[in-house]
Amino acid sequence: MDKRLFLLDGMALAYRAYFALIRAPRMTSGGMNTSAVFGFANTILDLLKKEQPTHMAVVFDTQAPTDRHIGFEGYKANRQEMPEDLSVAMPYIFRLIEGFNIPVLTSDGFEADDIIGTLAKKAEKESFITYMVTPDKDFGQLVSDKIFIYKPGIRGGDVEIMGVQEILEKWSIDRVEQVIDILGLWGDAVDNIPGIPGIGEKTAKQLIKTYGSIENLIANSSQLKGKQKENVEAHAEQGLLSKRLATILLDAPVELDIEKLLIEEPDREKLEQLFAELEFRTLGKRVFGEEFTIAGGQALRTQQTDLFGNDVPAPPGGKSRAAGLNNKEALAAEADATAFAQAATLKTIEDTEHRYHLADSPETRAALVRLLEKQAAFCFDTETTGTDANNCELVGLSFCIEKGEAWYVPIPSDMEEAGRILNEFKPVLENERIRKIGQNLKFDIIVLRCCGVNVAGKLSDTMLAHYILEPDGRHGMDLLAGNYLAYKPVSITELIGKKGKAQGNMRDVVIETIKDYAAEDADITLQLKEVFDPLLEESGLRHLVEDIENPLIYVLAEMEREGVAIDKEGLALYSRELENDIKRLEESIYEYAGVKFNIASPRQLGDVLFEKLLLEPKPKKTKTGQYQTGEDILLRLATKHDIVQHILDFRQLQKLKSTYVDALPLMINPRTGRVHTSYNQAVAATGRLSSNNPNLQNIPIRTEKGREVRKAFIPRDKDHVLLSADYSQIELRIIAAISRDENMMQAFIDGMDIHTATAAKVYGISPEEVSSSQRRNAKAVNFGIIYGQSAFGLSQNLGISRTEAKEVIDAYFKQYPGIRQYMTDTVEFARSKGYVQTIMGRRRYLRDINSANATVRGFAERNAINAPIQGSAADMIKIAMLNIHRELNSSKLGTKMILQVHDELVFDVPRGEEEKVKTLVEEQMKNAMPLEVPVLVESGTGSTWLEAH
DNA sequence: TCGCAGATCC
DNA sequence: GTAGAGGATCTGCGAC
């Protein structure tokens, strides 16, 4: 049998596992980030299972500066501190390796690569096949026969085996020697060896490639000019040292009998204990088989500290939590993590004592109602035939008043019978005295409203409670049950099948099965409420759910149920018009291009523009390697070829037609004849609402053709008009108020146009003298400030030079010193507290704020600056909505609030009420959350949304 | 079915 | 030197 030796570069793999997972939600146990340990464990497991090694060792760099590192002051200075999370994880990684019974070698004065290189050479003589396992950024693999490129993922790594030849091809390198030369490059490509001041990594690589080697480059430095020449000559010695340090040794003094690295059985006891501490349930199962459970183990409890040893506050009750990044990658990874958590050994309905009753007779129902009537609060849930609250059928109701006991009330499809049963429950559901507890109550409230039941009383929504506690996380019931109750509810897919065409219907499930599922939901929700209440109290967040989020459920439910009228015929007409325009554009584009292709395919379009028409010598590519054809890129090309403008127009019209003009009429509810969007109250981490099915918060307005769509939003009939009221510059007013910057506050107090005022200050001229381009620049800075934009971003945005952008920004901060102070203060606050907050105290946790990774940290810093501003604006309009809703109801006006678009509210107003409502709305919006600067609201009415806005 | 790119909004 | 504006949703393409 072959002797197969696997040598793992321990530190590199640990770092790689850590950084690869850094963007993913943190897998935590007792506050410790366990993702690096998890990634490492998966590497070992993958190798053991898939590659059948016979011998194995993990090699670690000696962390203390040594011969190979020493004598190089800059090395120490530049070497990044090991991230706190990772250094906490390292002891666990060592225990893991020990548990697997794999020998650990330390490099003792050398790089791990040197030891591996030397061993590989030695092993070759003893007829081993040697494999080096290291992440792809390291070049050290070149000394082994095969190379593993390990890409950690949350479910373990994809291990890819490449031969040396393939590596050379992959990196477009010609010869092995050349790789060695590149290894000796200047810059921080190799383990942060400091480079030559003034010559970057890329430039250095290029230069070395051109000259063949560093030695050649130095010898020919006279061919260079200017600063480059100076730098190369002045720091030649350092460059050579870099090369020497980065060159892999094959003759390190390592005494070792390779046969001793023979693989042994893992130490079951040690691994079990470790997996129990870290709550690695699925991993445990992979190692020890399905029967593995961590029930006997003790969960880890360590207090998280920051770099200075101070305690970092964990979010209230936060057991696991998403990182600050809210992008698709994070969400996808989070889904994985959720699956990971769910697959673990959680209690289920089988393991718990419960009394779930069926209340399906007049007597049992009456008894239930009598019981509910006596309660100060109860938890309830509805079962329906679908997820569209405005377009589904009620199948049953479940109730719970105490942990472990719940009732299920089936509702038959016969309307009359259903009505009778619901009437029995009206006295409790409509009872204002009784608090209602639920998960996503807005859905239940709308469903019941459609059945003629008007739910009343205070609300406690567990989804919103968790949203307030952990705004970046997800808030599904199954997830919450798993994380907070260590419980796995009956899965909906067990009842009605997987999502998709084949998915069944709640109506078809036998009542006994629904009973368990539904009663359990109510039971779990009640238990969650009991967990969240003290957490909200402790962290001082109770008022947010109690005074804002929970009451807002009623407002949103009513808005959603109300819906908005759409001019279907108008849209149909416009669709035909667009169709013609698009056809014409298509033809002309084909003519310009000389070829027919799919213009809607960015890939095909890129090929035509940059490979056929060659519009750009060095076109930008996306990370997947196709040409970028985004609007900003095309706009810059517009002068080069007429085809570009046509493409831009084509894109715009295509988008308009498919997303709005053709899609909206299909969303009209057949029952009401109106479009009912759905507001999600728990997705945007800053506190904003979002809208979907359809999204009515992104109806076009910027361009003339787009605006046409707004004409299709109309009052319910000719006796009504639309009223639109929006906050003027609300985010800038908020930043002015919370930063208390005198100049900006004064500009608002004086009622000036803020962008003109800013331009006047920045350019040191009077407001009258401000040109339109100066105002545009000022406006861009004002917005950039809100988002934490850099000089680079501003220059890109405005098409000006970086120097110019920097000047504008510097002048800006000189005029508004309070704003700069706010920015540094907020970031500082986030650093010490771990979160930022809005005026109303809504929090956003920023775990990455102290990250050693500049990119990740930068993201957290921009979030720190933006979240309080965007979030305060969200708080303000939510309060306004609550107050307006209350006032409209109490004053018996016929006006309905129908839309919210972040800083705008739209109402359907009976003719004759316009003036009254306008005053009411403006007053309530202005006074919702008084600031120390004036809050301005602009409103208008019209027979379409466009006119009103 | 899913990720990506590109579009829309505030 | 890094990457390069915060928050969303929807659509079509193209790989799987």
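Lettering follows sequence order; numbering is per chain, from 1. Please read all numbers here as calculations on a predicted model, not as lab measurements.
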Worksheet item: What is the distance, rounded to the nearest whole Å, between atom CD of A/Gln900 and atom P of C/dG7?
Response: 17 Å
Worksheet item: Between C/dG14, B/dC10, C/dT11, which nucleotide gets closest to the side-chain atoms of A/Gln604?
Response: C/dG14
Worksheet item: What's the closest nucleotide to the A/Pro602 side chain, out of B/dC10, C/dG4, B/dA5?
Response: B/dA5
Fill in: Rounded interatomic separation in angstrom, taking CD from A/Gln697 and P from B/dC9
13 Å
Worksheet item: A/Ile877 has an atom CD1; how far is it from atom C1' of B/dC9, in whole Å?
Response: 14 Å
Worksheet entry | A/Arg710, nearest nucleotide to its side chain (from C/dG7, C/dT9, B/dC9) | B/dC9
Discussion item. Below the 4.0 Å mark, does C/dG14 have OP1 or OP2 next to a side-chain nitrogen or oxygen of A/Arg603?
Written reply: no
Worksheet item: Between A/Tyr822 and A/Arg820, do the side chains contain an N or O donor and an N or O acceptor separated by less than 3.5 Å?
Response: no
Worksheet item: Between A/Gln628 and B/dG6, is there a side-chain N or O to OP1/OP2 distance below 4.0 Å?
Response: no
Discussion item. Does a side-chain N or O of A/Asn698 approach OP1 or OP2 of C/dG7 to a distance below 4.0 Å, or not?
Written reply: no
Fill in: A/Gln697 and A/Gln900: side chain donor to acceptor below 3.5 Å
yes
Practice prompt. Please report, rounded to the nearest Å, how far the P atom of C/dG14 is from the CG atom of A/Asp607.
Written response: 10 Å
Worksheet item: Can a donor-acceptor pair under 3.5 Å be found between the side-chain atoms of A/Gln870 and the base atoms of C/dG6?
Response: yes
Discussion item. What's A/Asn693 touching, base or sugar-phosphate or nothing? Going by heavy atoms closer than 4.0 Å.
Written reply: sugar-phosphate
Item to complete: Using the P atom on both, measure B/dA7 against C/dT2 and round to a whole Å.
Response: 27 Å
Fill in: Nearest-angstrom distance from the residue atom CG of A/Leu696 to C1' of C/dA8
13 Å
Discussion item. Considering every strand and a 4.0 Å limit on heavy-atom distances, what is the contact class for A/Gln652: base, sugar-phosphate, or nothing?
Written reply: sugar-phosphate
Response to the item:
The residue among A/Leu585, A/Thr703, A/Ile582, A/Asp581 that forms side-chain contact (heavy atoms from CB on, under 4.5 Å) with A/Gln652 is A/Thr703
Worksheet item: Nearest to the side chain of A/Arg802 - C/dG4, B/dG6, C/dG6?
Response: C/dG4
Worksheet item: Looking at B/dC10, C/dT9, B/dG6, which one has an atom nearest to any side-chain atom of A/Val683?
Response: C/dT9
Fill in: Short side-chain N/O contact from A/Ser690 to OP1 or OP2 of C/dT9, under 4.0 Å
yes
Worksheet entry | A/Arg844 and A/Thr838: side chain donor to acceptor below 3.5 Å | no
Item to complete: Answer yes or no: does a side-chain N or O of A/Arg688 lie under 4.0 Å from OP1 or OP2 of C/dA8?
Response: no
Worksheet item: Are OP1 or OP2 of C/dG7 and a side-chain N or O of A/Arg844 less than 4.0 angstrom apart?
Response: yes
Worksheet entry | Short side-chain donor-acceptor distance under 3.5 Å, A/Glu549 and A/Gln681 | yes
Discussion item. I want to check one thing: is the phosphate of C/dG12, taken as OP1 and OP2, less than 4.0 Å away from some side-chain N or O of A/Ser601?
Written reply: no
